[in-house]
J.: 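Can you keep this structure in mind? I'll have questions shortly.
Keep in mind that what you see is a predicted model, and the values were worked out from it rather than measured. So you know, we letter chains A, B, ... as the sequences are listed, proteins then strands, and number each from 1.
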Amino acid sequence: ASTFNTLFNGLLRLGNLGDAFHIAKEMYSNGFIPSYSSLMSLLRKSLNSGNLEDSFYILELMLRFDYFPEEHSLSLLVAGFCRAGRVHEAYFVLSVLLGKGFSPSVYSYNPILLGLCRSCRSSISLAVFGSFWKRGLYINEHTYAALIYGFCRERLYEEAYRVLDQMQVDGFRPNVVLYTTIIKFLCEDGKIEESLGVLNVMAAEACEPDLVTYNVILRALCCCDRILEASEFIRIMDEKGFSPDKFTYSALIGGLLKAGRVGHANELLLDILTRGCDMDVAICNIYFHGLCREYRSREAFSLVKDMMEKGFAPSNVTYNTILNGFCKEQNVEEALELFDCFEWVGSGPDSVSFNTVLSAACKQGNSSIIRRVLYRMEFEGVKLNAVACTSLVQHFCLVGRFSECFKLLDLMISDGITPT
RNA sequence: CCCACAGUGCUCACUU
């Protein structure tokens, strides 16, 4: 056993997690027991490296030795799965632990509730919450917040308000973040009056709105061309000592553009850009988008390159905007070539990047480009989503290839993609 | 003791 332990700890210290895990498994099959602290150390390192799979198996091995994980590590694993959209696995981990008599903390089960809510399964989330409640697990304001978030997102406001009431009955006070969440969903759903009502509730509850709250409301007001009310809010903000940030500006400009106030939007945009304090990507992207809308996408692209020389860091949205511009000008083939010219950030081109070119190719009926885009998506591991499927279905219907349409519909059903 | 959980802007098809 001491040989194994020495080896295990050495590998661990070297950061060779794979082999360390292997040794631990060997120990298990030979009837030796590694120490709790060394297995926890392995789990922590694995989690820090961001590998959920390995971490999962390490935890599984620990459970075979009847070791429970540290709360913090467990929450990292659970939250990691949830963030990756793998709520199922997170839930599985937690239920196994519950079955063994372990009592997880809010940090481990709140992410599951939120994960369920993010995937539009708020009712299930509520049921899970109910079962946790019955087991007597402690809950906190985030527990309620997750449910309220989910119900609002699914536009089930009655349910959301019910949870909000219950929360207060249970002795928790809703905070700014929670109220702002509700306000945001109401605004997105076009229920501005109701969202302003929530603002009044906040005032009654002595809960002060913050800059985020105001940014949400300003955007909503600008979107439906209620500029006077927006200016009134700006005055109030000023009175309260809030100074606008980059979110405020992009919310205002974006909202004005949505309302078709191109002139006002440009005025504000140029004002900010020429003042040129710190260049914000999102605000620059709005400008690039404006150029592209006027069929000046090449100009936009050279501008991006020039600005990069001066230290500007484009985002993937910047690149997607340029792609969209090229496609609008019917240069779809060239847009596809641009994929290799961009210095993509993070995990590379995303579904919007591909959808932009794919939908343009579908509109043109250019099956050669469609094939190449699909191939590349496969290669990059980007899955077809509702937007991509809709574009393709439309294209196949147009060219009379109905069998392909049905194949796509099958794929959508099996992948759980909701048609629009 | 610390650490780990929720809210805001910019880009894609359809719809209009």
J.: Would you say the side chain of A/Cys341 lies within less than 4.5 Å of the side chain of A/Leu338, judging by non-hydrogen atoms?
T.: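 SC-SC contact between A/Leu338 and A/Cys341 confirmed.
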J.: Applying a 4.0 Å non-hydrogen cut-off, can you work out what A/Arg153 is touching in the nucleic acid: base, sugar-phosphate, or nothing?
T.: nothing
J.: Please check the phosphate of B/A6 (OP1 and OP2 only) for any side-chain N or O of A/Arg83 closer than 4.0 Å.
T.: no
J.: Calculate the interatomic distance between A/Phe288 atom CZ and B/C10 atom P; express it in whole Å.
T.: 16 Å
J.: Go through B/C10, B/C5, B/A4 for me and flag the one nearest to the A/Arg219 side chain.
T.: B/C10
J.: Is it true that a side-chain atom of A/Asp350 and a backbone atom of A/Val352 form a donor plus acceptor pair closer than 3.5 Å?
T.: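 Side chain of A/Asp350 to backbone of A/Val352, a donor-acceptor pair under 3.5 Å: yes, one is there.
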J.: What is the separation between atom CG on A/Leu164 and atom P on B/G7, rounded to the nearest whole Å?
T.: 17 Å
J.: Just by modelled atom types, is the A/Thr248 backbone N or O under 3.5 Å from a matching donor or acceptor in the A/Arg219 side chain?
T.: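 Not at all, since once roles are kept as given, no pair shorter than 3.5 Å links the two residues.
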J.: Taking CD1 from A/Ile417 and P from B/C14, how many angstroms apart are they, rounded to a whole number?
T.: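 These atoms are roughly 18 Å apart.
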J.: When you check the phosphate oxygens OP1 and OP2 of B/C10, does a side-chain N or O of A/Lys258 lie under 4.0 Å from one of them?
T.: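 Answer yes for this pair, as a side-chain N or O of A/Lys258 is under 4.0 Å from OP1 or OP2.
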J.: Just compare B/G7, B/C14, B/C10 and give me whichever is closest to any side-chain atom of A/Thr390.
T.: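 In terms of side-chain proximity for A/Thr390, the closest of B/G7, B/C14, B/C10 is B/C14.
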J.: Check every atom of B/G7, B/C10, B/U8 against the side chain of A/Val177 and return the nucleotide holding the closest atom.
T.: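 Closest of the options to the side chain of A/Val177: B/G7.
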J.: Side chains of A/Thr143 and A/Asn110 only: does a donor on one sit below 3.5 Å from an acceptor on the other?
T.: yes
J.: Please confirm whether any donor atom in the side chain of A/Asn175 sits under 3.5 Å from an acceptor in the base of B/A6, or the reverse.
T.: yes
J.: Across the strands shown, which category fits A/Ala282 at heavy-atom distances under 4.0 angstrom: base, sugar-phosphate, nothing?
T.: base
J.: Verify the contact: side-chain N or O of A/Lys363 to OP1 or OP2 of B/C14, cut-off strictly under 4.0 Å; return yes or no.
T.: yes
J.: Any donor-acceptor pair under 3.5 Å between the side chain of A/His72 and the base of B/C3?
T.: yes
J.: Using side chain to side chain contact (heavy atoms under 4.5 Å, CB included), reason through A/Arg275 and A/Asp271 one step at a time and then give a plain yes or no.
T.: CA-CA 6 Å; A/Arg275 220 179 331 163; A/Asp271 186 46; 3.3 Å; yes
J.: Name the nucleic acid region contacted by A/Ser359, choosing base, sugar-phosphate or nothing; use a 4.0 angstrom heavy-atom cut-off, strictly under.
T.: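 Counting heavy atoms under 4.0 Å across all strands, the contact made by A/Ser359 is with sugar-phosphate only.
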J.: A/Tyr107 on top of B/C5's base, within under 5.5 Å and under 30°?
T.: no
J.: Using atom CE of A/Met40 as one end and atom C1' of B/C3 as the other, report the distance to the nearest whole Å.
T.: 13 Å
J.: What's the CG-P distance between A/Leu178 and B/A6, to the nearest Å?
T.: 13 Å
J.: Reckon A/Gln394 touches a base, only the sugar-phosphate, or nothing at all at heavy-atom distances under 4.0 Å?
T.: sugar-phosphate
J.: Let's see if you can work this out: which of B/G7, B/A4, B/A13 has an atom nearest to the side-chain heavy atoms of A/Tyr149?
T.: B/G7
J.: Can you check whether A/Asn324 has a side-chain N or O nearer than 4.0 Å to OP1 or OP2 of B/C12?
T.: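 Checking B/C12 against A/Asn324, a side-chain N or O does come within under 4.0 Å of OP1 or OP2.
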J.: Grab the OH-P distance between A/Tyr144 and B/A6 for me, whole Å please.
T.: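 About 19 Å, once rounded to whole Å.
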J.: As a test of reading the structure: which of B/A13, B/C10, B/C12 is closest to the side chain of A/Val352, going by heavy atoms?
T.: B/C12
J.: Any base atoms under 4.0 Å from A/Asp245, or only sugar-phosphate, or nothing? Heavy atoms, all strands.
T.: nothing
J.: How many Å lie between CD1 on A/Ile112 and P on B/A4, as a whole number?
T.: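 Nearest whole value for this atom pair: 19 Å.
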J.: Once you apply a heavy-atom cut-off of 4.0 Å, does A/Thr180 come out as touching a base, just sugar-phosphate, or nothing?
T.: base
J.: Give one of base, sugar-phosphate or nothing for A/Thr213, where a contact means two heavy atoms less than 4.0 Å apart.
T.: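 If one applies the 4.0 Å heavy-atom cut-off, A/Thr213 turns out to touch a base.
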J.: A/Lys184 side chain N/O closer than 4.0 Å to the phosphate oxygens (OP1, OP2) of B/U8?
T.: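 It does, given that an N or O in the side chain of A/Lys184 lies less than 4.0 Å from OP1 or OP2 of B/U8.
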J.: Do the ring planes of A/Phe379 and A/Tyr375 sit parallel (below 30°), tilted (30 to 60°) or perpendicular (above 60°)?
T.: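 It falls in the parallel class, under 30°.
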J.: Please work out which of the three classes, parallel, tilted or perpendicular, describes the rings of A/Phe342 and A/Phe301, given edges at 30° and 60°.
T.: perpendicular
J.: Expressed as a whole number of angstroms, how long is the span from A/His142:NE2 to B/C5:C1'?
T.: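 After rounding, the gap between these two atoms is 6 Å.
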